[in-house]
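One structure, as structure tokens, below. Some questions next.
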Amino acid sequence: MLLVEITINAVVHRVSMDGIALDHWWDNKIISFSAPKIGTAEKHGGYAAMQFGSVSFAPDLFDYAWPPPVTCPITVKYTSKTETGAYELFSGTAHLTSIDRDSVTYALYGTSDDTEILSGTALAGSLVNIVSWFCDSARLNLSLDATFSRDPSPAVSYTVQSDTIALGLLSDICAFFSHCFYIKSGTLHLIDMLSGCGERSLTEFDFFPPSYEMGSPVAKITSDTGDVTISEYPYGADKAVTAYTDVSADVLTAMEDLLDILNAHGCRLRIPLSADLPSIGEKISWIDTALNKRTQAYIIARSLTYDFDNSEVVVDGEGVLS
Amino acid sequence: MKIIYPNAIANISASGADPEFPASNLLDEHPKKIWKGIGRSETLTIACGASGALGLFKTNAESVTVTIFIGQDIEWVGGIEWAGGIEWDEQDDAPSSTTYQLSGVNEGAGWIEWEKINASNTIQLVLDAGEGNIIEAGVCVAGVVNSYDEPEYGLTDGFVDYSIVKELNNGAFYIRKRDVVRKFNGILNFKHALDFYKFMLDVLRPQSQLPFAVHLNGALANWEWIIYGRFTSVSSSYDGPNQTTVNFELLEVL
């Protein structure tokens, strides 16, 4: 159940799609809600930011605040049963986009961080230590959970070339080393894309027919240090990356990991919405007996789309079929 | 068929109410938006205009005791009083009560009728939900009864199911159960044009797509015939000098 708190002219309104009597009455004033999505910046990692689209409300929600205000603070939660057990998906600002006879539509905007890392800053140390440095109160001011990062942590050595937004730089560094991260409740969770975080095994009662898609092959990756890694698909595309270490062997190792992910089997898996929502980086495995032959599969989730209208979560990721 | 229209309830209060689910929710057109009491038994006091029936929907009450007071509490404002020997006549303000047992507790619909009162009146409902339950109700409607001939035989009674059903990978089905409402399709016959016009123009048209309290077959007391729904489709034809046929669809609301 989707639970939305929207503050209209300083009055908090609790609304939902169905009309639910929990601890409070959540009025059925949501007409539609475009599926929120969290996904990594690259297939091989980076910052997994929550991306929200829009929400349409019944016009009579604004009976006492007409015309509807341009902006409203908004919090979006999900629960399968109780109000106290609701899981916060998003907190930010709703910005008015359209009014018509049937609905009032707002686009959703999250908070952004414009902390900068200055040109000339030298970053040297393990990836975990570098991420910890970024999380410091002087910069992103976040706690760090590195439980599921790689051990040993790859070595970073890089000098910032120009003033740059901290989150964007951190995203690029993590993606180079095939790590992703997401931020929740003030904590940055760092995850190794090669091994994932947590694991769930699905039975065939737990998912809808998946689609298995190989992306376009990548023939080679070339770093700005001149190192080159070649795949077994010479007809594929070429990719260029910025290397965040100056040791050639480490650059090649990192790029081989990227090739493994970019040329891996991809899958779009759809599972029913439930109390136990999957998380970014989670390893999800299943056996598909509906294909030509019995197939074992797993992916590391790099993108989650919460489709409340259709009561499902769409999971995209790369992994292995066998 | 009987329809309560217009809803003549001016005000409704409860002896106890959860602050999140006040008595005013009983006047909202959404039965799911309930009033919830504090204990198993509460009293609703309803200030009403001209009335002859009351419909109560989506309640867990096992019994309803109804008392109707003609007129309302009458008193002078402060500092004013009658001269000696004169006082308000409140003879009709304390009639006997009638207790109804609601069958079909899970459905929670009740329909109570009395001889039409043309003046304003106060309706008192004492609702009891039974041991271990907190009393609640969704919608209350009271007012004048509009009576028509019963629907013709051939009335259909089905469901609209809002559940989500999707096929899983192994061919089994994932079902996310949501609300299921009842839907009726039937035919009314009007022998007199004036009755037909009253139905279409004085009752249906002003209410538009808002719901009505309907006793679908007034001759049958079962709860199954008491519906809070809207007429989603109405079409009529003049089939003879003394016959106008109305095809209708009645859809229960949430």
Side-chain angles (χ1 to χ4, degrees), chain A residues 1-2 12-29 58 60-61 63 78 80-81 83 102 202-212 267-275 284-291 294-297 307-315, chain B residues 14 17-38 57-60 106 108 129 133-139 160-181 208-211 228-230 251-254:
Chain A
M1 294 177 280
L2 197 63
V12 177
H13 295 260
R14 296 182 180 86
V15 295
S16 64
M17 297 184 90
D18 291 341
I20 315 154
L22 299 174
D23 298 338
H24 301 86
W25 168 248
W26 297 80
D27 211 352
N28 47 330
K29 297 295 183 189
D60 61 357
L61 175 63
D63 270 354
Y78 172 78
S80 63
K81 269 191 183 170
E83 198 170 308
D102 303 323
L202 305 179
T203 72
E204 287 199 276
F205 290 96
D206 298 330
F207 60 93
F208 305 113
S211 56
Y212 302 94
C267 176
R268 169 159 289 185
L269 183 67
R270 296 177 300 123
I271 63 178
L273 265 178
S274 71
I284 303 174
S285 60
W286 66 94
I287 297 173
D288 192 342
T289 60
L291 296 176
R294 184 177 181 278
T295 305
Q296 280 186 293
D307 189 344
F308 295 108
D309 283 348
N310 289 308
S311 194
E312 64 180 28
V313 181
V314 181
V315 185
Chain B
D18 184 319
E20 294 300 327
F21 301 96
S24 56
N25 285 354
L26 290 162
L27 301 178
D28 182 275
E29 287 110 17
H30 302 101
K32 283 184 73 175
K33 189 174 180 180
I34 56 173
W35 154 73
K36 200 185 286 186
I38 297 171
F57 300 90
K58 199 167 168 58
T59 180
N60 61 350
N106 289 336
N133 297 315
I134 303 294
I135 186 68
E136 62 182 51
V139 170
V160 173
D161 191 337
Y162 298 110
S163 300
I164 295 173
V165 181
K166 299 169 69 147
E167 186 176 328
L168 292 162
N169 195 57
N170 61 358
F173 282 92
Y174 160 77
I175 299 167
R176 184 180 151 224
K177 189 177 176 311
R178 299 179 72 202
D179 291 299
V180 181
V181 299
S208 182
Q209 286 297 313
L210 293 173
Y228 188 65
R230 57 191 186 93
L251 181 68
E252 199 176 22
V253 298
L254 298 169

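Note on naming: letters A, B, ... go to the chains in the order of the sequence lines (proteins, then strands), and numbering restarts at 1 for each one.
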* Apply side chain to side chain contact (heavy atoms under 4.5 Å, CB included) to B/Leu27 and list each qualifying residue two or more places apart in sequence or on a separate chain. => B/Ile9, B/Ile12

Geometric donor-acceptor pairs, no angle filter, chain B-chain A, under 3.5 Å:
unit_1   : atom_1 : unit_2   : atom_2 : d
B/Lys32  : NZ     : A/Asp18  : O      : 3.4
B/Lys32  : NZ     : A/Gly19  : O      : 3.0
B/Lys166 : NZ     : A/Asn310 : O      : 3.2
B/Lys166 : NZ     : A/Glu312 : OE1    : 2.3
B/Asn169 : N      : A/Phe207 : O      : 3.0
B/Asn169 : ND2    : A/Glu204 : OE2    : 2.5
B/Asn169 : ND2    : A/Asp288 : OD1    : 2.7
B/Tyr174 : OH     : A/Ser311 : OG     : 2.8
B/Arg176 : NH2    : A/Asp18  : OD2    : 3.2
B/Arg178 : NH2    : A/Asp18  : OD1    : 2.4

* With rounding to the nearest 0.5 Å, note down the distance linking CG in B/Leu168 to CZ in A/Phe208. => 5.5 Å

* Structure fact -> In this structure, CZ of A/Phe205 is separated from CZ of B/Phe173 (nearest 0.5 Å) by 12.5 Å

* Please look at A/Leu22 and chain B and tell me whether the side chain, the backbone, both or neither of the residue comes under 4.5 angstrom of a heavy atom of that chain. => backbone

